[in-house]
Chemist: 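Got a structure for you, written out below as structure tokens; questions coming shortly.
Remember, it's 1-based here, ligands and their atoms both numbered in the order they're listed.
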Amino acid sequence: MIVTLTLNPSLDRTIDVDRLVQGTMTRARSARIDPGGKGVNVSRALLANRAPTVAVVTSGGADGEQLVRLLEGDGIAVHAVPVAGRTRSNVTIVEPDGVVTKVNEPGEPLSRKELDAVADAVLAEAEGASWVVACGSLPPGVPFDIYARLCEFFASAGVRVAVDASGPALPAAVGAGPHLVKPNRDELAEAVGRPVASVGDAVEAARELRERGAGTVLASLGADGAVLLDEDGVTVGTAPVAEPRSTVGAGDALLAGFLAAGARGAPALAEGLAWGAAAVRLPASRMPRPDDIRRDIVRIDTRPDLGRSLIA
Ligand SMILES: Nc1ncnc2c1ncn2[C@@H]1O[C@H](COP(=O)(O)OP(=O)(O)O)[C@@H](O)[C@H]1O
Ligand SMILES: O=P(O)(O)OC[C@H]1O[C@](O)(COP(=O)(O)O)[C@@H](O)[C@@H]1O
């Protein structure tokens, strides 16, 4: 069982337009709503591939109720913690040439009591779980070391913790010794305070995060695939997609595939890459099902070309 935690979930609104011109009124061609937030997406991808999971989410107002309804409608086990603040909406605007514009709301603050209720929910669900996966941005005012505290707590309880965080929450969590972190290229660069322009830069940055406390670093590099650094060493992989449709949630699909496949070494990296590539071929934040996943396109390299520049 994999428990995901999304403190700042969302209703993901994807709007297709012919052309977006800033400062003008644009009529949409179509629109859809998906349940969103990084942990939520990890649970959606796991369930779509019949891996047992439960999603712990906060839920506020009518939008929070809709989020829970959508998840339950998909058959996902949800542990919703009611909160006073409204669940946010994140908007993705897609143009026919694939240009994507995203606006993520900050979300609303959580009270001390609400945070305690979330902690109780995670604790209850984590009984007997293989992983707790804490993902996504933190609502305003939530302490940046909350994921770090989660790592420290579960280290003594014997449950592995994976963290997908940005900003100061990532280095704080790394220092608390998580079993796994999944930064993307920007998050990796911010965490080490230098640019990541090549595969070698990504490997060096991942190495630094391991030295600071992370057990495994799964660094996602968009179209350049991913770098895995764990106790077995460095593995780099790619899974090219000729015509990407939507990269929203691709990192979440990568992480879900990696965890579902055992979270270790080249086989898990290959599975994660296959799920990530499948997500990129699907519209909006649709998570891949078994029929969408092609493992034949994955290329794994245990002796990577460290000098290879990443796509700008
Ligand atoms: N344009 C793309 N072509 C092929 N695969 C992609 C593309 N963008 C993302 N992916 C896949 O999705 C994974 C996650 O994407 P990335 O953008 O790094 O993460 P995040 O969504 O967390 O920002 C990548 O490691 C890769 O496997
Ligand atoms: O918590 P954040 O960083 O605002 O991100 C939330 C957004 O991330 C997503 O989970 C997409 O994830 P990716 O960043 O992997 O594309 C959306 O469903 C959601 O709207």
Chemist: Ser166 versus ligand 2: do any nitrogen or oxygen atoms come within less than 3.5 Å of each other?
Modeler: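 In this structure, Ser166 places no N or O atom under 3.5 Å from an N or O of ligand 2.
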Chemist: Could you tell me if any non-hydrogen atom of Asp164 lies under 4.0 Å from any atom of ligand 2?
Modeler: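 Outside the 4.0 Å threshold, so no.
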Chemist: Has ligand 2 got any nitrogen or oxygen that is less than 3.5 angstrom from a nitrogen or oxygen of Gly37?
Modeler: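 Yes, there is a polar N/O contact under 3.5 Å.
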Chemist: For Ser285 and ligand 2, answer yes if some heavy atom of the residue is under 4.0 Å from a ligand atom, otherwise no.
Modeler: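 No; Ser285 lies far enough from ligand 2 that no heavy-atom distance drops under 4.0 Å.
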Chemist: Taking only heavy atoms of Thr247, which atoms of ligand 2 are found under 4.0 Å from at least one of them?
Modeler: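 Those of ligand 2 that fall under 4.0 Å from Thr247 are 16 (O).
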Chemist: Has Ser10 got any heavy atom lying under 4.0 angstrom from an atom of ligand 2?
Modeler: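 Yes, Ser10 has heavy atoms under 4.0 Å from ligand 2.
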Chemist: Once you restrict to heavy atoms under 4.0 Å, what part of Asp12 touches ligand 2? Side chain, backbone, both or neither.
Modeler: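 It is the side chain that gets close, since no backbone atom is under 4.0 Å.
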Chemist: Give the numbers and elements of all ligand 2 atoms closer than 4.0 Å to a heavy atom of Lys102.
Modeler: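 The atoms of ligand 2 under 4.0 Å from a heavy atom of Lys102 are 16 (O).
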Chemist: For Glu211, what residues pass the side-chain hydrogen bond (donor to acceptor under 3.5 Å, both in side chains) criterion, not counting sequence neighbours?
Modeler: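 With neighbours one apart ignored, the set is empty.
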Chemist: How close does the nearest protein non-hydrogen atom get to atom 6 (C) of ligand 2, and which residue and atom is it?
Modeler: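 The answer is Arg88 NH2, 3.5 Å.
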Chemist: At what distance is the nearest protein heavy atom to atom 9 (C) of ligand 2, and which residue and atom is it?
Modeler: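 Of every protein heavy atom, Asn41 ND2, 3.7 Å lies nearest to atom 9 (C) of ligand 2.
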Chemist: Does an N or O anywhere in Val248 fall below 3.5 Å from an N or O of ligand 2?
Modeler: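 No, there is no polar N/O contact under 3.5 Å.
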Chemist: Per the salt bridge (Lys or Arg N to Asp or Glu O under 4.0 Å) rule, what does the pair list look like for residues 10-21, sequence neighbours excluded?
Modeler: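 Listed once each, the pairs are Asp18-Arg29.
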Chemist: Tell me which protein heavy atom sits closest to atom 8 (O) of ligand 2, plus the residue, atom name and distance to 0.1 Å.
Modeler: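 Result: Lys38 NZ, 3.1 Å.
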Chemist: Identify, by atom number and element, the atoms of ligand 2 in contact range of Gly136, meaning under 4.0 Å from any of its heavy atoms.
Modeler: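 By the 4.0 Å cutoff, the relevant atoms are 1 (O).
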Chemist: Can you pull out the closest protein heavy atom to atom 16 (O) of ligand 2? Residue, atom name and distance to 0.1 Å, please.
Modeler: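 Heavy-atom neighbour on the protein nearest atom 16 (O) of ligand 2: Gly249 N, 2.6 Å.
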Chemist: Report all protein residues having a heavy-atom distance below 4.0 Å to some atom of ligand 1; order the list by chain, then number.
Modeler: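 Residues within 4.0 Å of ligand 1: Lys182, Asn184, Ser220, Leu221, Gly222, Ala223, Gly225, Ala239, Val241, Pro244, Thr247, Ala250, Gly251, Leu254, Leu273, Val280.
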Chemist: For atom 2 (P) of ligand 2, what is the nearest protein heavy atom, given as residue, atom name and distance?
Modeler: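 Checking every protein heavy atom, the shortest distance to atom 2 (P) of ligand 2 gives Ser137 OG, 3.4 Å.
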Chemist: Is any side-chain heavy atom of Glu187 less than 4.5 Å from a side-chain heavy atom of Val181?
Modeler: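 Heavy-atom side-chain distance check fails, nothing below 4.5 Å.
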Chemist: Test side-chain contact (heavy atoms from CB on, under 4.5 Å) on Leu259 and Leu180 and set out the steps.
Modeler: CA-CA 10 Å; Leu259 295 175; Leu180 169 72; 3.7 Å; yes
Chemist: Between side-chain atoms of residues 98-106 and protein atoms elsewhere (two or more places apart, or another chain), which donor-acceptor pairs fall under 3.5 Å?
Modeler:
{"unit_1": "Glu105", "atom_1": "OE1", "unit_2": "Arg86", "atom_2": "NH2", "d": "2.8"}
{"unit_1": "Glu105", "atom_1": "OE2", "unit_2": "Ser89", "atom_2": "N", "d": "3.4"}

